Amino acid sequence: MVARTEQQAALRALPSVDQLVRALADRRELAEITRPRLTAAARDVVDGERRRLLDGGGVPADAGELATRVVDRLRRGGPFSLKRVINATGVVLHTNLGRALLSDLAMRRLTAVAAGYSNLELDLATKERGSRYSHVEALLRRLTAAEDALVVNNNASAVLLALETMARGREVIVSRGELIEIGGEFRIPDIMRRSGAELREVGATNRTHLRDYAEAIGPDTALLLKVHTSNYRVVGFTAAVSSRELAELGRQRGVPVMEDLGSGCLVDLRPYGFPYEPTVQEVVGTGIDLVAFSGDKLLGGPQAGVVVGTRALITRLKKNPLNRALRIDKLTVAALEATLHAYEAGDALQTIPTLALLTQPASAVVTRARRTLARLDAETRKRLGAEVVKGVGQVGGGALPTVELPTAAIAIGTSGAEAQRLDEALRNADPPIVARIADDRLLLDFRTVLSADVAPLVRALTAVAHSAGDA
Ligand SMILES: *Cc1c(COP(=O)(O)O)cnc(C)c1O
């Protein structure tokens, strides 16, 4: 009975949400936080405390303590939900961290177009209605030697649009070895069903031959589809049909052929130690009718799905009403035009961050990791057990899955539990730092740490080392 009375007194003594908000309204550190968010956070904190007391949670927090909780929570969250993070995973194309970073030129073009009016769909010469695609079409034609091009929201929608346009209610022939699933619910058989096309699988998981396609072609065949196995490799006793052979078969039999290239790269990366991957222009050169690829994988531009191919087929895609639902906005056009411009100007490897990060020599990554380690004070280094270790990273984004990129990391933490704790603390830093745990250590991989990231990284490491010491 006594306990119950005490509990009720504690509940009554809780400040109201309103009181808490008023007490916090003028805090300088919350200047960027909107009033509704402050109210919502105050309500969460008061509700949480009430639940704790009802569960018999002991000593009630006073108003000052509750105010501190609200401030901590809002400061940690910051004024915006989507924010810059430091990518210390070493994965250059990290889908969860936003994939490709835009070049300086793309940023300048974005800014120029975003805040003002533009000739997005106005032909300035004739004052007639223009096409938003016109700003990138000619570039794509010149870069890939395709007759025509179209850009939609992403590569998944490019594939959907192509299937829906060419094969709804009809059959599409695909090799069993290429029925891929990539992250985020994109599966070739599912997208096929959604488009209304019927999947006709041929061959076996490890081997598909030209005759498998040839024998499957019938009056209902609308398309032969080749899909890049972006995020895995079938190795061992394997056989796949080349783009050229498939294009030739399609031509002989009067069936269009499409290749979903996934990443789609415009430069040969072999000189930088990468394995052979056909470039978009090479695939176009094999005679494939339509080639689809992502804007924000190896191309290094904004999220987009690019389709290049024959004029007749691209015209059909453009006329499909579904295309209107998948259309890109002016920001995408601006960033994509700038990205493609770099390829034509010949400075893509230097100016497009994705390519620059992927092709930086391992020695440069080691040097940056070492220099950053040297910027940590001796006490921080000691407390964290920080040292530079060499290892291998990944390209990511479902591109070049078997490639092991030589890289270097600062390893911190000396037990699994400590690595976990440091990982969490760094994810709560401002800006948040995302790293990877391996062998009970937290690895901060420097392939993806940008020069602007070094100072905040040093600050955050120093802070977590010292809070670790106090705990
Ligand atoms: C990544 C990928 C897609 C999807 O591309 P998004 O631009 O992410 O929509 C489709 N097909 C393949 C083979 C891919 O690798």
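As the structure is a computational prediction, the values presented were derived from the model and not from experiment. Each ligand, and each atom within it, is numbered from 1 in the order the structure gives.
- Considering only non-hydrogen protein atoms, atom 13 (C) of ligand 1 sits nearest to S230 OG, 3.1 Å.
- Residue E181 does not touch ligand 1, judged by heavy-atom distances below 4.0 Å.
- The protein non-hydrogen atom at the shortest distance from atom 3 (C) of ligand 1 is I182 CD1, 3.2 Å.
- A 4.5 Å side-chain heavy-atom check between P456 and I86 finds at least one atom pair inside the cut-off.
- In terms of protein heavy atoms, atom 11 (N) of ligand 1 is closest to D260 OD2, 2.6 Å.
- Taking CD1 of I433 as the reference point, atom CG of D453 lies at 8.5 Å (rounded to 0.5 Å).
- Only the side chain of I180 comes within contact range of ligand 1, with a heavy atom under 4.0 Å; no backbone atom does.
- Near H228, meaning under 4.0 Å from any of its heavy atoms, are these atoms of ligand 1: 13 (C).
- Here the shortest heavy-atom distance to atom 6 (P) of ligand 1, taken over S294, G305, S263, belongs to S294.
- Nearest to atom 10 (C) of ligand 1 among the protein's heavy atoms is N155 ND2, 3.2 Å.
- For the pairing with D260, the side-chain contact (heavy atoms from CB on, under 4.5 Å) check across L290, V174, I188 returns one residue only, I188.
- Atom 9 (O) of ligand 1 has A156 N, 2.8 Å as its closest protein atom, hydrogens excluded (heavy atom only).
- Using a cut-off of 4.0 Å between Lys/Arg side-chain N and Asp/Glu carboxylate O, R441 and E387 are scored as salt-bridged.
- For ligand 1, the atoms sitting less than 4.0 Å from at least one non-hydrogen atom of G262 are 12 (C), 13 (C), 14 (C), 15 (O), numbered in the order shown with element in parentheses.
- For atom 1 (C) of ligand 1, the closest non-hydrogen atom of the protein is K297 NZ, 1.4 Å.
- Checked for salt-bridge contact, R427 and D423 meet the test: a charged N lies under 4.0 Å from a carboxylate O.
- Between K226 and the options E178, E259, E245, a salt bridge (Lys or Arg N to Asp or Glu O under 4.0 Å) holds for only E178.
- Inspection of the D445 and T407 side chains reveals an N or O donor paired with an N or O acceptor under 3.5 Å.
- With ligand atoms numbered from 1 in the order given, ligand 1 contributes 6 (P), 7 (O), 8 (O) to contacts under 4.0 Å with heavy atoms of R99.
- Looking at every heavy atom in both residues, A408 comes nearest to V388 through CB-CG1, 4.4 Å.
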